[in-house]
Amino acid sequence: MELTPAHLRYLLAIYEVSQTHLDISSRSIAEKLGVTKPSVVRVMNLLMERGMIVKEYYGKIYLTDRGIFVAREVRKQLDEVLAHFPPVEAELTDEERLTAALALTAALPERVFTGRYDQLMDLAMAAAQQACDEGWQKALKAHQAAWHERWEMADVQIEGDDSAQQGIHFNLFQLLSTYTGSDARLNIGPKGYTGERFGGSTYWDTEAYCLPVFLAIRGADTARQLLLYRYHHLEAAKRNAANLGMPGALYPVSTINGSECHNEWEVAFEGIHRNAAIVHAIFEYTMYTGDETYLLGEGVEVMAEIAKFWVGRVHFNQRTQKYMIFGVNEYENNVNNNWYTNRMAAWCLEYFVETCAKLDDDRLEALQITPDDLKHMQDIADRMYYPDDRGLGIFPQHDAFLDKDLRPASDIPAEERPIYMHWSWDRILRSGYIKQPDVLMGLYFLNHVYDTETLRRNFDFYAPLTLHESGLSPCIHSIMAAQLGEKDLAVAMYKRTARYDLDNINQDSQDGLHITSMSGSWLAIAKGFAGMRTLGGLRFKPFLPDCWNGYSYKFNYRGRIIELRVKPKGVTLTLISGEPISVTIYGHPYELEDVLTVPLEG
């Protein structure tokens, strides 16, 4: 692993502590930087590999001559940059000035560089020199202009609830600071640039949560870059599948270069539902944009290899005459027929077969797909096995889930939450508690397939069992609660996702912010409160929380910029730019040509 600015920050901290303390330990560095001790230990190991520090018995840390030289050079360069701060900064402490410099650098979108590691320093230093030559005021104006352009499109306004407004402003700022869409080789790590947990790797969070948001607030070109990221990793995904003895492609749980980086075999080998999130992102992009260019180009290549994987991963049960899958979810290992995994695998195959009907014979041959392959894939989709309980009228999470001791999450004492910090994994895996939506995640993805009563029965059953010990969890519950008319619960879950890090709800924000989860606050408002749907046309079913006086947001949609504003007196859609478009509000069709206002219902 190459040294990053974050690693150099640790090196600087060691150097600065060494100026006043003879004994340096992981604990003292963790306290200085406000991070956890395990985070310090990981960086220490890297610095030792680079010959910058040595660690002796009893945990004492010493800088080598090389480490001292590098730390002094970094300090010198930072001081040169800090010298260009306006006079008001002069009263800050060294640590505050360093933090301010790092924050300013991270906040300038035009100062983010990609390329070979040996090129990045030259690019960054050239930009820093240009900023110094041009002066503070010009750099500030460029910074303000870049942020105005992003914020003008992305901002969400909430009236009457400062806490809710602060939450989504904070989250949108972090998302826009993390990803620009300028380079298809880059993606969105769960912690972004705010912490080193997960190592900057990409997870399925991007496709499931972030892509729909960037599609709306930054446009189709930016979202397409996220799709291309996975396309460029297709060969690596095929190698991942081959390593398991499977055909096709298995996209990794965690990756930087396409290869699997996750260190837990149960998740890396069996958490295969992430393949479905990749395909659903292609589906969502296509339905939202109305453009099948990516679907029928790079997209179908990805879908073909994922379909081949599902064909190899299922097995046919002679007794039931059904196809089955063994898999996992977040708080359970080695379960049979996880409903979410089975259902999404079947949907992936259905969508691929449907897409192949639009391809000619030459294209199918290039994909190495035969008519018999398509027939077999459709048979798997038609005869996929799903756990069932007619009495409860729900989709059991897996074959043995209803045999567990099922108790509501509210039974757990507050001092034992989150349970992964207080319980043994044996106890967690035997429990019936759900870390984040599982069955409900499938119903969120396939919301257009199931009727309201099916959604309600499953939501009412699983919501009390869900711990929300993942930042990805509460927004899905907010969206589904809004759809089912549970307005107070929808607002509560929105606030949980919007303020997940501001209030350190899961007691782990010190390891880095939950960047990918932050997209959930926008999704909760747009897909939840506004009831925005884009399958089969642009549709809305808004409600206004009792504790709010109004809310509004803008979004890109098929070459248009549209604003939705919800107030007690009505729902207003404004066509800011682009051609007129048909919309549906509360089930009634309208033509949006300029400004359209209808009464608020519910």
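Worth knowing before you read on, the calculation uses all heavy atoms, side chains too, and leaves out hydrogens, waters and symmetry mates. Residue numbers start at 1 and run along the sequence shown.
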Compute whether any side-chain donor of one residue and acceptor of the other, for [X] and [Y], lie under 3.5 angstrom apart.
X	Y	answer
D155	Q157	yes
T597	T572	yes
H468	S473	yes
Q144	H148	no
T370	D372	no
Q483	N447	yes

Legend entry - Rounded distance (nearest 0.5 Å) linking atom CG of L227 with atom CG of L211: 5.0 Å
Legend entry - From CG (L228) to CG (L234), nearest 0.5 Å: 12.0 Å
Legend entry - Any residue meeting salt bridge (charged side-chain N to carboxylate O under 4.0 Å, His left out) with E486, in chain and number order, not counting sequence neighbours: none
Inset, instruction - Please list, chain by chain and in numerical order, all residues satisfying salt bridge (charged side-chain N to carboxylate O under 4.0 Å, His left out) with K358, sequence neighbours excluded. - result: E292
Are any of the side-chain heavy atoms of [X] and [Y] separated by less than 4.5 Å?
X	Y	answer
E159	Y551	no
N556	M153	yes
T341	F326	no

Do [Y] and [X] meet the salt-bridge criterion of a basic N to acidic O distance under 4.0 Å?
X	Y	value
K495	D161	yes
E601	K541	no
R150	E152	no
E298	R230	no
R274	E260	yes

Main-chain N/O of [Y] paired to [X] side chain as donor or acceptor, under 3.5 Å:
X	Y	result
R218	L215	no
R313	I325	no
T206	C210	no
R185	N257	no
N337	M324	no

Legend entry - Sequence-distant partners of A154, side-chain contact (heavy atoms from CB on, under 4.5 Å), two or more places apart: L176, I217
Inset, instruction - Flag the pair F173 / W147 as yes when their ring centroid distance falls below 6.0 Å, and as no otherwise. - result: yes
Legend entry - Qualifying residue, where the test is ring-ring contact (aromatic ring centres under 6.0 Å, His included) with F214 and the options are Y209, Y179, Y285: Y179
Legend entry - Test ring-ring contact (aromatic ring centres under 6.0 Å, His included) applied to F395 and Y462, Y386, Y450, the passing residue: Y450
Inset, instruction - Kindly assign one of parallel, tilted or perpendicular to the pair Y500 and H514, based on the angle between their ring planes and the thresholds 30° and 60°. - result: perpendicular
Please collect all salt bridge (charged side-chain N to carboxylate O under 4.0 Å, His left out) contacts where either partner lies in [range], sequence neighbours excluded, each pair once.
range	value
residues 375-387	D379-R383
residues 236-245	E235-K238
residues 513-528	E284-K527

Inset, instruction - Start with the C-alpha distance between F352 and W310, add both sets of side-chain angles, then the distance that settles ring pair (Phe, Tyr, Trp, His ring centres under 6.0 Å), and finish with yes or no. - result: CA-CA 11 Å; F352 177 66; W310 289 128; over 10 Å; no
Please, which pairs that meet ring-ring contact (aromatic ring centres under 6.0 Å, His included) have at least one residue in [range], sequence neighbours excluded?
range	answer
residues 220-244	Y229-H233
residues 515-536	Y494-F529, W522-Y553, F529-F543, F529-W548
residues 573-592	none

Residues two or more places apart in sequence or in another chain: which of them pass ring-ring contact (aromatic ring centres under 6.0 Å, His included) with [X]?
X	result
F445	H280
Y557	Y288
F198	Y203

Legend entry - Closest approach of I306 to N275 (non-hydrogen atoms, all atoms of both residues): CD1-O, 3.6 Å
